[in-house]
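Working notes, structure below.
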Amino acid sequence: NAGVMQNPRHLVRRRGQEARLRCSPMKGHSHVYWYRQLPEEGLKFMVYLQKENIIDESGMPKERFSAEFPKEGPSILRIQQVVRGDSAAYFCASSLDRVIHNEQFFGPGTRLTVL
Amino acid sequence: AQKVTQAQTEISVVEKEDVTLDCVYETRDTTYYLFWYKQPPSGELVFLIRRNSFDEQNEISGRYSWNFQKSTSSFNFTITASQVVDSAVYFCALSEERTDSWGKLQFGAGTQVVVTP
């Protein structure tokens with residue numbers, strides 16, 4: 001009964017490089033949420049995906065950020081041409097269903113540092 | 001507009017003191033859920049409690065207790081007889097039932113609790 005897995009746990013990139021963050025939801029979960037936690041702040045919703053579909057990306061920056069959740073494999077949050085302001089902890093959560101009484105289980109987070 | 005307000009940025013207490021963390025939320029929905037999460041220095045998020053809008057009973061779990069008051073839109077959290085291991089950032093969060101909310105969690109800014117021996 002593995003929980004939500006995220007890798008890498010720590011990622012260092014130089015400005016202009018790409019960052020790829022992976023999230024494997026809990027077994028049987030087909031709903032994935034990504035949140036970003038900037039230093040000294042709370043978590044902010046970025047995107048909600050179901051298998052092969054983006055349902056709500058209202059929290060995603062319009063440029064450089066993209067997310068996918070393919071039929072097979074983990075969900076990927078991709079940040080192109082990273083800037084220092086992208087340095088943050090990125091958390092993934094999964095749930096059995098979108099219905100809110102189903103708890104969202106959080107992964108340990110990926111800490112991205114942009115030099 | 002901020003949906004969840006945690007007005008206390010940091011609270012420092014001495015071990016064995018009680019500490020209460022305030023959480024005020026804003027929603028037009030009649031069905032919603034409130035959560036508390038703990039984020040220790042190691043950084044992971046630890047789920048503490050989920051409460052639905054129709055259940056106003058206060059809850060106690062060990063040294064933790066929660067006071068849900070719909071009339072004041074508050075969901076406060078008390079740690080009794082605090083311990084050093086309680087030192088962490090505590091987040092309150094709201095999830096609304098509306099279709100366009102999709103169950104996403106809206107977090108407060110968090111309250112840093114520092115417990116000194």
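Just so it is clear: chains get the letters A, B, ... in the order the sequence lines come, proteins before strands, and each one is counted from 1. Heavy atoms only: backbone and side chains are in, while hydrogens, waters and symmetry mates are out.
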When rounded to the nearest 0.5 angstrom, what distance separates CZ in A:Arg9 from CD in B:Glu44?
7.5 Å

Enclosure of B:Lys16 NZ (heavy-atom neighbours >12, cutoff 6.0 Å):
no

Write down the atom of B:Ser42, the atom of A:Arg111, and the distance for their closest heavy-atom approach.
O-NH2, 4.4 Å

Looking at side-chain heavy atoms only, is the closest gap between A:Tyr35 and B:Leu45 below 4.5 Å?
no

Restricting to non-hydrogen atoms, name the atom on B:Phe91 and the atom on A:Gln37 that form the minimum distance, rounded to 0.1 Å.
CZ-NE2, 3.3 Å

Give a yes or no on whether A:Met5 atom CE has more than 12 heavy-atom contacts from other residues, nucleotides or ligands under 6.0 Å away.
no

Might you confirm whether atom CD1 of B:Ile60 has over 12 heavy atoms from other residues, nucleotides or ligands at distances under 6.0 Å?
no

Greater than 12 external heavy atoms within 6.0 Å of B:Glu15's CD
yes

Taking atom CZ of A:Phe106 and atom CD of B:Gln39, what is their separation to the nearest 0.5 Å?
10.0 Å

Quick one, A:Glu41 and B:Phe107 - any side-chain contact, counting heavy atoms below 4.5 Å?
no

Cluster question for you: counting only ILVMFWY and a side-chain heavy-atom cut-off of under 4.5 Å, with indirect links fine, are A:Val32 and B:Tyr37 together?
no

Kindly give the heavy-atom pair with the smallest separation between A:Phe45 and B:Leu105, and that separation in Å.
CB-O, 4.3 Å

Using the rule that two of Ile, Leu, Val, Met, Phe, Trp, Tyr join whenever any of their side-chain heavy atoms come within less than 4.5 Å, decide whether B:Trp36 and B:Val24 are in one cluster.
no

